[in-house]
Enquirer: 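What follows is a structure written as structure tokens; I'll ask about it next.
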Amino acid sequence: MTIFKGRPVSLLGSGIYVPEKVLTNYDLEKMVDTSDEWIRTRTGIVERRVAAEDQVTSDLAYLAAVEALKSASMSPEEIDMVIVATNTPDTIFPSVAAKVQGRLEAINAGASDIQSGCTSSVYALSFAAAGIASSIWDKVLVIGAEVLTKLLNWEDRATCVLFGDGAGAMVLGVSPDGKNKVISTSLKSDGTKSDLIILPGGLVECPASVEMIQKRLHTIHMKGSEVFKFVNKVLPLFLEQFCEESNLSLNDITWWIFHQANYRIIESVLRRLDVPVERAILNIDKYGNTSAASVFLAFHEALVDGKVKKGDKVIFVSFGSGMTYGATLMEI
Ligand code: COA
């Protein structure tokens with residue numbers, strides 16, 4: 001059940017927003033015991049963006065959404081649903097999506113957040129495409145937005161060097177000619193590994209308390225090398241099966257847009273698949289791991305640069321807390 005049935009769903013527009021402030025590896029050298037060389041060689045990250053003090057996730061999401069609507073030549077009233085993929089919502093409720101919908105004055109739209117770790121991007125794209133294919137919605141605004149830097153422990157070198165802030169958005173709708181459509185999707189989870197990437201404090205399981213804050217449980221904790229091993233083990237086989245179920249060979253895919261978590265992960269998964277790394281869109285050097293925003297940022301930049309062209313088959317691949325993983329294949 002991988003291939004989409006029903007109405008053909010196309011990408012109608014895309015846009016991004018990244019905060020102005022750049023934090024380089026050299027800046028981090030002054031903050032924790034790390035080095036540009038360590039970060040660059042272990043992850044591929046050179047710099048990342050950091051949201052301004054008064055900027056929250058819904059601000060980034062809104063600005064990316066405005067760009068996507070502009071590129072789709074669409075007014076907000078035409079949107080039926082706003083879906084925001086995020087792990088760093090402004091608040092648990094209201095949702096980021098509701099705030100964006102209100103600010104856009106997308107008066108005919110519903111609004112909901114998706115929170116499935118970094119794979120939220122691919123989950124959100126899939127839910128949007130499924131809703132359009134099955135005639136529930138005609139036009140959906142999908143946004144991936146994160147302000148991760150406000151939830152990091154800036155004394156923990158194992159995590160604070162990895163993440164950055166940003167947002168990307170896409171408008172999906174019914175394909176006018178039945179071509180250039182979302183082809184297939186597959187969403188997975190292995191909840192037995194739910195301890196690998198966590199933000200444990202501040203909610204039901206571990207409510208806000210002075211002790212909770214002293215232990216920094218309100219920040220991101222990660223078993224980095226276990227995540228690395230899990231992804232390397234699971235993704236190659238998953239992607240092979242996904243392409244087979246989509247009736248495509250690995251070589252039929254023009255561009256691989258992976259979640260930009262670590263250059264070494266992307267390189268080693270592609271090596272196992274025998275796909276040249278040149279087929280991957282990479283911008284981790286500029287933004288670090290922007291979680292649910294990363295595939296949207298990578299895609300939009302590649303489109304604007306003229307790398308991704310109409311008719312290209314593009315696969316979006318992500319993995320993250322849960323541990324969730326998934327892929328969506330689209331002809332642009
Ligand atoms: N600078 C310098 N040294 C660092 C460091 C930093 N920022 N962070 C960790 N180290 C040290 C460790 O303390 C350790 O030192 P030790 O050998 O003296 O104990 C050493 O580097 C190796 O640590 P390890 O965690 O084994 O490194 P690694 O090669 O696995 O790389 C990650 C660490 C986090 C880059 C890598 O595991 C990774 O990318 N994992 C996946 C994470 C991910 O993708 N998460 C998001 C999923 S959505």
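Keep in mind it's a predicted model, so treat the numbers as computed, not measured. Just follow the structure's listing: the first ligand is 1, and inside any ligand the first atom is 1. Start at 1 with the first residue, then count along the sequence.
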Enquirer: Would you mind checking if R103 and D59 are paired as a salt bridge, meaning a charged N to carboxylate O distance below 4.0 Å?
Expert: yes
Enquirer: Quick one: does G224 get an N or O within less than 3.5 Å of an N or O on ligand 1?
Expert: yes
Enquirer: Can you sort out which atoms of ligand 1 are near A261, meaning under 4.0 Å from one of its heavy atoms?
Expert: 44 (O)
Enquirer: Is it true that R157 and D33 make a salt bridge, defined as a side-chain N closer than 4.0 Å to a carboxylate O?
Expert: yes
Enquirer: Are D177 and S175 close enough that a side-chain donor and a side-chain acceptor fall under 3.5 Å?
Expert: yes
Enquirer: Write out the residue and atom name of the closest protein heavy atom to atom 48 (S) of ligand 1, then the distance separating them to 0.1 Å.
Expert: C118 SG, 3.1 Å
Enquirer: I'd like to check which ligand 1 atoms, numbered from 1 as shown, lie under 4.0 Å from a non-hydrogen atom of V161.
Expert: 7 (N)
Enquirer: Crowded around K150 NZ? As in, over 12 foreign heavy atoms under 6.0 Å?
Expert: yes
Enquirer: Inspect the contact between E331 and K310 and indicate whether a charged nitrogen and a carboxylate oxygen are less than 4.0 angstrom apart.
Expert: no
Enquirer: Starting from atom 42 (C) of ligand 1, locate the nearest protein heavy atom and write down its residue, its atom name and how far away it is, to 0.1 Å.
Expert: M222 CE, 3.7 Å
Enquirer: Any non-hydrogen side-chain atom of I45 less than 4.5 Å from a side-chain atom of Y263?
Expert: no
Enquirer: Got the closest protein heavy atom to atom 31 (O) of ligand 1, with its distance?
Expert: R264 NH2, 3.7 Å
Enquirer: For atom 8 (N) of ligand 1, which protein heavy atom lies nearest, and how many Å away is it?
Expert: W38 CH2, 3.4 Å
Enquirer: Would you mind checking if K313 and D252 are paired as a salt bridge, meaning a charged N to carboxylate O distance below 4.0 Å?
Expert: no
Enquirer: Can you tell me if I39 has a non-hydrogen atom under 4.0 Å from ligand 1?
Expert: no
Enquirer: Identify the closest protein heavy atom to atom 46 (C) of ligand 1: which residue and atom is it, and at what distance?
Expert: N289 ND2, 3.5 Å
Enquirer: Suppose we screen for ring pair (Phe, Tyr, Trp, His ring centres under 6.0 Å). Which residues come up paired with F299, at least two apart in sequence or across chains?
Expert: F316
Enquirer: Excluding sequence neighbours, so at least two apart, what forms salt bridge (Lys or Arg N to Asp or Glu O under 4.0 Å) with E78?
Expert: K139
Enquirer: Please check if W137 and M74 belong to a single hydrophobic cluster, counting links between Ile, Leu, Val, Met, Phe, Trp and Tyr side chain heavy atoms closer than 4.5 Å.
Expert: no
Enquirer: Could you tell me if the side chain of E267 sits less than 4.5 Å from the side chain of N262, heavy atoms only?
Expert: no
Enquirer: Does atom 19 (O) of ligand 1 have a protein non-hydrogen atom under 4.0 Å from it?
Expert: no
Enquirer: For atom 43 (C) of ligand 1, which protein heavy atom lies nearest, and how many Å away is it?
Expert: V227 CG1, 3.8 Å
Enquirer: At a non-hydrogen distance cut-off of under 4.0 Å, which region of V231 contacts ligand 1 (side chain, backbone, both, or neither)?
Expert: neither
Enquirer: Under 6.0 Å from the CD atom of E77, do we count more than 12 heavy atoms belonging to anything else shown?
Expert: yes
Enquirer: Please check this pair: side chain of S294 against backbone of Q260, looking for a donor-acceptor N/O pair closer than 3.5 Å.
Expert: yes
Enquirer: Please check atom 16 (P) of ligand 1 for a protein heavy-atom neighbour under 4.0 Å.
Expert: no
Enquirer: I need the atoms of ligand 1 closer than 4.0 Å to a non-hydrogen atom of H259, numbered in the order shown.
Expert: 48 (S)
Enquirer: Considering I265, T34, L162, which one's heavy-atom position lies nearest to atom 6 (C) of ligand 1?
Expert: T34
Enquirer: Can you sort out which atoms of ligand 1 are near T43, meaning under 4.0 Å from one of its heavy atoms?
Expert: 35 (C)
Enquirer: Below 4.0 Å, non-hydrogen atoms only: which portion of I197 touches ligand 1? Side chain, backbone, both or neither.
Expert: side chain
Enquirer: With a heavy-atom distance limit of 4.0 Å, tell me whether S225 approaches ligand 1 through its side chain, its backbone, both, or neither.
Expert: both
Enquirer: Near G320, which atoms of ligand 1 are under 4.0 Å from a heavy atom of that residue?
Expert: 48 (S)
Enquirer: Quick check: N262 and ligand 1, any N/O pair under 3.5 Å apart?
Expert: yes
Enquirer: Answer yes if a protein heavy atom lies under 4.0 Å from atom 38 (C) of ligand 1, otherwise answer no.
Expert: yes
Enquirer: Report the member of E226, R42, E29, R157 with the shortest heavy-atom distance to atom 7 (N) of ligand 1.
Expert: R157
